[in-house]
Amino acid sequence: MSNVRVRFAPSPTGELHIGGARTALFNLLFVRSAGGTFVLRIDDTDLERSRAEYIDKLIDSLHWLGFEWDEGPYYQSGRIKEYTGEAERLLAENKAYRCYCSVEDLARARDAARGENKTFLYPGTCRNLTPAAEESLRKEGRGAVIRLRTPDHGTTVVDDQIRGEVSFENEMLDDFIILKSNGQPTYNFASIVDDLQMKITDVIRAEEHLSNTPRQILCALALGYELPRFSHVPMILAPDRSKLSKRHGATSVEEFYNEGYLPEALINYIALLGWSPGEDREILSLEEMIESFTLQRVNKTAAIYDVAKLAWMNGHYIREYDPEKLAEAALPFFRKRGLVEGDLPAEGYDYLKKVIAAVRERARTLVELADAAEYFYIGRFEYDPKGVKKAFQKEGTAELLRTLTGELRSLETFNMESTEALYHAVSERSGLSFGRLIQPTRLAITGRMGGPGLFEIMELLGKEKTIARMEKAIGYIESLN
RNA sequence: GGCCCCUUCGUCUAAUCGGUUAGGACACCAGCCUUUCAAGCUGGCAACAGGGGUUCGAAUCCCCUAGGGGUCACCA
């Protein structure tokens with residue numbers, strides 16, 4: 001195993017977002033192609049917003065996607081000692097200092113600056129407090145935060161693996177807080193301390209962190225560690241180019257699961273959002289992605305996520321999936337629809353697989369798959385109104401169906417071959433086109449105008465149900481007049 | 001507003017040391033196949049944000065403009 005180490009560090013403040021999933025994926029692809037170690041870390045320093053239930057959901061989503069990590073999960077909430085320790089060290093080395101300014105005073109100063117259209121930078125009020133002055137402030141009972149003493153001049157350069165060198169003027173950076181008055185570290189501090197202590201070699205994360213990177217570099221430098229390499233991957237945007245949110249439909253991995261997407265399809269799709277293997281290939285397995293993944297081929301441009309392509313890709317995976325796996329994945333959706341209830345006996349499972357084999361070609365999601373399978377389980381359905389007009393309301397349809405039903409009933413072996421042969425015979429004998437026979441029959445036994453081959457449906461349904469549905473349809477047609 | 005990043009078909013993208021009729025995929029349209037609906041196959045529509053340079057030659061290098069995004073918290 002190489003010494004390459006990466007981490008995925010979500011904060012448990014919501015479900016795993018599609019952007020987060022892609023960040024996790026890029027980390028995974030990178031580390032697997034390097035033969036390194038994948039660390040999972042939960043960034044839960046925000047006590048207000050972090051929730052235990054989200055941690056479970058996060059982990060469920062990662063499992064569902066099939067992303068396996070080698071170390072962790074580590075929890076920042078359990079590492080307070082490390083942050084305090086590093087902060088104390090900086091304090092002792094005079095690279096950081098305590099600040100007693102109140103939240104209110106700072107907010108006021110910030111508002112004033114904003115009013116003048118200026119950027120607020122912490123003015124350094126407590127930067128050079130004498131021990132005596134500190135003592136008296138402490139006696140007043142004022143809480144203190146710890147701020148990093150940042151350089152006033154010079155440039156901090158982020159050597160980004162995707163974007164190249166990005167420079168920031170240190171003058172634009174103020175003495176930011178690394179430890180809050182409640183003893184919790186701020187994100188920038190906790191994040192870099194963890195990355196350093198956990199010997200992360202490559203930090204691969206979303207672009208929104210690029211602007212914060214110089215602060216983290218300053219922390220690392222003050223702490224005296226070697227820097228990790230940084231890569232900032234572009235964001236995923238909604239179709240209107242705004243940040244992806246609830247009103248744009250499904251955005252979390254959990255929602256994609258609920259809508260009937262397969263993990264392989266979702267992974268394949270998000271991988272292509274900002275990365276391409278460099279050849280004209282769209283369908284890639286995780287292994288193939290690992291093989292051709294490099295950070296150099298990751299795009300700099302934000303990508304707009306397009307459900308239509310995801311749906312197409314998911315349809316492709318549904319068609320190609322292993323039948324056993326597909327049945328397993330689809331079963332919950334059949335249950336949700338009330339097609340399957342309770343335990344499924346072996347023959348029920350067998351039937352399920354046959355039904356899926358018949359309809360899988362026309363479904364783009366597992367929800368659509370269950371929908372397409374409905375009449376295989378439920379005999380009560382409405383007839384498609386358009387179909388009624390086209391197929392049922394033609395002169396002599398009831399009579400035609402009655403003839404066909406009679407013929408069907410006399411069939412000893414009822415299967416795909418025998419029913420099809422029968423229909424051909426009737427077509428020939430009566431002079432009616434094959435389509436003329438098929439259309440009303442299809443509507444009668446499925447209620448729909450499209451679907452798998454008619455004789456395949458008949459065989460699956462069996463003689464009894466087929467005939468019962470035919471008779472029901474005859475009654476319906478006659479009631480139309 | 002300051003700072004930072006970005007800009008190829010409607011969307012995802014290829015063209016990674018300047019020379020291509022700017023390629024592929026989704027979507028859309030048409031045709032083929034077909035018992036229907038799909039799937040599949042064939043073809044079509046469709047892009048280098050704008051303006052200046054550099055160069056024999058620019059999607060590609062430089063500058064400016066415009067647009068989009070990110071960030072500037074005792075949020076992550």
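Just so it is clear, the model here is predicted, and its values are computed rather than measured. Below, chain A is the first sequence line, B the second, and so on; all start at residue 1.
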*Does A:Arg297 make a side-chain donor-acceptor contact with the base of B:U16, cut-off 3.5 Å?*
yes
*How many Å lie between CG on A:Asp174 and P on B:U71, as a whole number?*
17 Å
*Would you kindly check whether a donor in the side chain of A:Ser181 faces an acceptor in the base of B:C74, or vice versa, at under 3.5 angstrom?*
yes
*With heavy atoms under 4.0 Å as the rule, sort A:His209 into base, sugar-phosphate or nothing.*
base
*asked:* Over all strands shown, is A:Ser167 touching base, sugar-phosphate only, or nothing at heavy-atom distances under 4.0 angstrom?
replied: sugar-phosphate
*Under 4.0 Å between a side-chain N/O of A:Thr186 and OP1 or OP2 of B:C74, yes or no?*
no
*Base, sugar-phosphate alone, or nothing: which one does A:Met449 contact when heavy atoms must sit under 4.0 Å apart?*
base
*Could you check whether A:Gly435 gets within reach of a base, just the sugar-phosphate, or nothing at all, counting any heavy atom under 4.0 Å?*
nothing
*asked:* Taking the ring centre of each residue, are A:His209 and A:Tyr187 less than 6.0 Å apart?
replied: yes
*Taking atom P of B:C5 as reference, at what distance in whole Å does atom CG of A:Asn299 sit?*
17 Å
*Quantified in whole Å, what is the P atom distance between nucleotide B:U55 and nucleotide B:G2?*
34 Å
*asked:* Mind checking if A:Val145 touches a base, just sugar-phosphate, or nothing, with heavy atoms under 4.0 Å?
replied: base
*Pick the P atom in B:G23 and in B:C32, then give their distance to the nearest Å.*
27 Å
*Should B:U42 form a Watson-Crick or G-U wobble pair with both distances under 3.5 Å, which nucleotide is its partner?*
B:A30
*When we call it a touch if two heavy atoms are under 4.0 Å apart, what does A:Gly143 touch: a base, just sugar-phosphate, or nothing?*
nothing
*If only side-chain N and O atoms of A:Arg110 are considered, is one of them under 4.0 Å from the OP1 or OP2 phosphate oxygen of B:C74?*
yes
*Distance, C1' atom - from B:C29 to B:G10, rounded to whole angstrom*: 14 Å
*asked:* Base, sugar-phosphate or nothing for A:Leu454? Non-hydrogen atoms, less than 4.0 Å.
replied: base
*Residue mapping more 5' on RNA chain B - nearest nucleotide basis, A:Ile177 or A:Pro452*: A:Pro452
*Give one of base, sugar-phosphate or nothing for A:Cys101, where a contact means two heavy atoms less than 4.0 Å apart.*
base
_B:C9 versus B:G53 - spacing of their C1' atoms, nearest Å_ = 28 Å
*asked:* What contact category does A:Arg360 fall into here, base, sugar-phosphate, or nothing, at under 4.0 angstrom with non-hydrogen atoms?
replied: nothing
_Tell me the interatomic distance from A:Lys300, atom NZ, to B:C4, atom C1', rounded to whole angstroms._
15 Å
*asked:* Output the rounded distance in Å from CD (A:Glu208) to P (B:G68).
replied: 20 Å
*Base, sugar-phosphate, or nothing: which does A:Arg281 touch, judged by heavy atoms less than 4.0 Å apart?*
nothing
*Qualifying residue, where the test is ring pair (Phe, Tyr, Trp, His ring centres under 6.0 Å) with A:Trp275 and the options are A:Phe293, A:Tyr269, A:Phe26*: A:Phe293
*Roughly how far apart, to the nearest Å, are B:G1 and B:A46 at atom P?*
38 Å
*Which one is paired to B:U54, where only Watson-Crick or G-U wobble pairs with both distances under 3.5 angstrom count?*
none
_Between P on B:G10 and CZ on A:Arg241, what's the gap in Å once rounded to a whole number?_
12 Å
*Rounded distance (Å) that lies between atom P of B:A38 and atom CD of A:Glu361*: 12 Å
_Atom C1', compared across B:C6 and B:C17: separation rounded to whole Å_ = 23 Å
*Which part of the nucleic acid, if any, lies within contact of A:Asn212, taking any heavy atom under 4.0 Å across all strands shown: a base, the sugar-phosphate backbone alone, or nothing?*
base
*Which part of the nucleic acid, if any, lies within reach of A:Gln296 when heavy atoms closer than 4.0 Å are counted: base, sugar-phosphate only, or nothing?*
base
_Categorize A:Pro239 for me: base, sugar-phosphate, or nothing, with a 4.0 angstrom heavy-atom threshold over every strand shown._
nothing
*Using a cut-off of 4.0 Å on non-hydrogen atoms, how would the nucleic acid contact of A:Ser11 be classed: base, sugar-phosphate, or nothing?*
sugar-phosphate
_C1' gap between B:G18 and B:U60, integer Å_ = 6 Å
*asked:* Could you tell me how far B:A15 sits from B:C48 if I compare only their C1' atoms? Round to whole Å.
replied: 11 Å
*asked:* A side-chain contact here means heavy atoms from C-beta on lying under 4.5 Å apart; do A:Asp174 and A:Arg215 qualify?
replied: yes
*Considering Watson-Crick and G-U wobble pairs with both distances under 3.5 Å, what does B:C72 pair with?*
B:G1
*Separation of A:Lys389 atom NZ from B:U36 atom P, in whole Å?*
22 Å
*For B:A25, which nucleotide is its Watson-Crick or G-U wobble mate, given both distances must be under 3.5 Å?*
B:U11
*Would you call the rings of A:Phe455 and A:Phe434 parallel, tilted or perpendicular, where under 30° means parallel and over 60° means perpendicular?*
tilted
*Nearest-Å distance for atom pair CD1/P, residues A:Ile267 and B:C12*: 21 Å
_For B:C37, does the base pair up with any side-chain atom of A:Arg362 as donor and acceptor (N or O, under 3.5 Å, distance only)?_
yes
*Using heavy atoms to find the nearest nucleotide of RNA chain B for A:Glu456 and A:Asp43 separately, return the residue whose nucleotide is more 5′.*
A:Glu456
